[in-house]
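We count ligands from 1, going down the list as the structure has it; atoms in each ligand are counted the same way.
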Amino acid sequence: MTSSAAAQAEPAPISACTISRDVQNFDLLIEDMETALGEAWGDLPLNEAAAFLTQLESGMLEFVALALDSEDEDDLATINEIIAVAKERKIKIVIIAEDVTPGVLHQLLRQGADDFVPYPLPEGALDEVIDRFRTAEDLAEKAPAGAGQSPARPTGDRDGVILPVHGLAGGVGATNFAVNLAWELVASSKNKEDPTRVCLLDFDFQFGSTSTYLDLARKDSVYELLADTSSMDTDSFMQALQVYNDRLHVLTAPADVLPLDIVGPEDIERMIEVARLNFDFVVIDMPTTLVAWSESVMHAAHVYFALMELDMRSAQNALRLIRAMKSEDLPLEKVRFALNRAPKFTDMSGKARVKRMAESLDIDIELLLPDGLKQVDQACDHGTPIAEIAGKNPLRKEIQKLAISLHDITHSEQTGI
Ligand SMILES: Nc1ncnc2c1ncn2[C@@H]1O[C@H](COP(=O)(O)OP(=O)(O)O)[C@@H](O)[C@H]1O
Ligand SMILES: [Mg+2]
């Protein structure tokens with residue numbers, strides 16, 4: 001054990017610290033730290049820890065184990081300060097708690113502590129926490145299999161096309177469409193020098209599944225971003241994004257189910273604005289439910305995709321959406337109705353039903369997306385876009401065509417050709 005990280009410069013780089021009034025009260029923690037880290041850790045007294053951490057650069061320490069007992073509850077200010085400084089330095093915090101009341105523990109976790117373990121430590125508990133920290137770090141920063149990660153780079157010089165996707169009923173295939181459209185926009189980018197920058201925003205804050213469909217972690221920073229959008233800037237927005245296959249930037253839904261009204265119209269407008277300035281295309285996966293900020297997204301949209309299937313549920317919900325938009329004077333002209341799992345070209349009776357549905361709703365159904373069968377589910381389960389595992393899939397081809405036409409339209413609008 002390294003006696004005091006603060007006092008002496010050690011040859012072995014220290015990657016973690018215990019912080020306590022007296023670490024000798026936690027001898028099982030000492031043993032576990034030694035087993036996990038060998039010499040590469042130190043101990044800080046509680047009353048000096050904040051000052052010491054303040055002098056550190058971000059990233060020098062991996063985590064601190066803050067070992068507390070009931071006596072420490074009298075000095076919560078010191079403990080909160082340590083947590084605040086560690087958070088700021090991006091150091092993970094695990095509380096080692098002996099007889100700490102649940103109320104205090106809860107408060108410390110809310111302050112920003114990442115995890116806690118009761119003392120005496122259960123067998124292997126500290127190792128598990130360290131593993132969790134490292135996995136989270138890996139997912140956030142390095143490339144896990146299948147999902148390339150590199151830091152998101154802001155540009156601030158773009159004027160992105162905003163493309164929300166709204167499933168008119170649960171399970172109609174909106175998220176799958178949004179994910180694959182975003183990927184096809186990346187993949188069909190022609191300019192190698194300045195590749196098209198695409199961002200996928202998962203605004204289904206409750207059950208958003210873009211992270212599942214692209215095998216991305218749900219990062220804490222997404223929650224932090226949504227919980228306090230007033231302090232959001234380009235950097236914090238870009239840091240909350242993950243990068244799929246080095247190309248597609250994704251704001252996944254947060255790890256926990258959040259109320260859809262955790263953000264308001266102004267927050268959503270700011271997020272879209274930052275995305276617009278930094279990307280060429282911004283695809284937004286919307287929740288099926290209409291919320292206070294749906295209107296903001298509709299106003300920001302260039303094209304608003306409304307996905308439906310050939311059934312009564314979709315037809316009735318389409319009618320409701322149209323009525324709601326008309327009564328609120330919302331831009332109905334932006335809506336492009338897309339029929340998913342559309343009947344095949346040769347299916348005459350199916351085609352007649354599509355025609356009847358469009359007529360009865362008084363809409364054009366401009367986009368017919370074929371059934372991609374099992375391959376689509378397989379792609380979703382593998383966490384990859386369809387293109388990556390089934391390039392010739394009919395659904396993939398249709399979405400690819402759409403992506404190419406969106407590139408062409410945008411290009412001709414920009415250049416006037
Ligand atoms: N055109 C399609 N062909 C085959 N399977 C599809 C198609 N569209 C969606 N799916 C599958 O349907 C399921 C639900 O899709 P999802 O996009 O999550 O729906 P939503 O977001 O509208 O609730 C997924 O398992 C997806 O693989
Ligand atoms: Mg969805």
Side-chain angles (χ1 to χ4, degrees), residues 146 163-185 200-216 218 222 244 248 250-255 257-258 260 282-291 293-294 297 304-318 320-321 335-345 347 350-351 353-354 357 365-403:
L163 303 169
V165 178
H166 184 160
L168 294 186
V172 295
T175 302
N176 180 55
F177 174 75
V179 165
N180 282 284
L181 177 61
W183 180 248
E184 295 300 341
L185 284 165
L200 173 64
L201 304 178
D202 194 337
F203 279 180
D204 189 350
F205 302 127
Q206 299 200 325
F207 298 107
S209 36
T210 57
S211 58
T212 314
Y213 289 1
L214 291 172
D215 193 18
L216 297 171
R218 289 169 180 248
V222 176
Y244 174 81
L248 173 60
V250 188
L251 183 79
T252 69
V257 171
L258 294 180
L260 290 173
V282 181
V283 179
I284 305 177
D285 190 21
M286 294 288 284
T288 294
T289 317
L290 286 175
V291 281
W293 44 263
S294 304
V297 179
Y304 193 92
F305 291 103
L307 256 82
M308 55 206 289
E309 286 188 51
L310 192 53
D311 60 14
M312 210 38 138
R313 214 166 56 115
S314 287
Q316 291 190 339
N317 287 353
R320 290 196 183 112
L321 178 74
V335 179
R336 295 281 176 288
F337 289 93
L339 184 67
N340 196 14
R341 298 192 175 89
K344 284 202 186 108
F345 193 62
D347 176 358
K351 278 172 64 183
R353 282 169 60 211
V354 177
M357 184 172 178
I365 298 179
E366 291 171 59
L367 204 56
L368 297 176
L369 301 166
D371 196 331
L373 301 169
K374 278 217 178 96
Q375 283 177 334
V376 178
D377 287 338
Q378 281 165 359
C380 292
D381 287 347
H382 269 94
T384 58
I386 310 168
E388 300 287 282
I389 63 161
K392 297 206 168 87
N393 183 280
L395 176 63
R396 186 260 157 155
K397 283 195 177 160
E398 205 54 41
I399 300 177
Q400 184 185 34
K401 254 199 277 178
L402 174 67

> Checking only N/O/S atoms, does T175 have one that is under 2.8 Å from the Mg ion (ligand 2)?
Replying inline: yes
> Under 3.5 Å, is there a donor-acceptor pair between the Q375 and N393 side chains?
Replying inline: yes
> Is there a nitrogen or oxygen of F177 sitting under 3.5 Å from a nitrogen or oxygen of ligand 1?
Replying inline: no
> What residue and heavy atom of the protein are closest to atom 25 (O) of ligand 1, and at what distance?
Replying inline: D377 OD1, 2.9 Å
> Below 3.5 angstrom, do we get any N/O pair linking G173 and ligand 1?
Replying inline: yes
> Would you say the side-chain atoms of D285 and T175 include a donor-acceptor pair closer than 3.5 Å?
Replying inline: yes
> Which ligand 1 atoms does N340 reach within 4.0 Å, using its non-hydrogen atoms?
Replying inline: 1 (N), 2 (C), 7 (C), 8 (N), 9 (C)
> Is there a donor-acceptor contact under 3.5 Å from the side chain of R341 to the main chain of D371?
Replying inline: no
> Between K401 and E184, is there a salt bridge with N-O shorter than 4.0 Å?
Replying inline: no
>> Within ligand 1, which atoms have a heavy atom of L395 less than 4.0 Å away?
In response: 1 (N), 2 (C)
>> Please classify the A379 to ligand 1 contact at 4.0 Å (heavy-atom distances, strictly less than): side chain, backbone, both or neither.
In response: neither
>> Under 6.0 Å between ring centres: does that hold for F177 and W183?
In response: no
> Which is closest to atom 13 (C) of ligand 1 by heavy-atom distance: R341, H166, K374, Q375?
Replying inline: R341
> Considering only heavy atoms from C-beta outward, does the side chain of N340 approach that of L367 to under 4.5 Å?
Replying inline: no
>> Residue-level breakdown please: for A174 versus ligand 1, do any non-hydrogen atoms fall below 4.0 Å on the side chain, on the backbone, on both, or on neither?
In response: both
> Quick one: does V172 get an N or O within less than 3.5 Å of an N or O on ligand 1?
Replying inline: yes
>> Checking a contact table here: which protein heavy atom is nearest atom 17 (O) of ligand 1, and how many Å away?
In response: N176 N, 2.7 Å
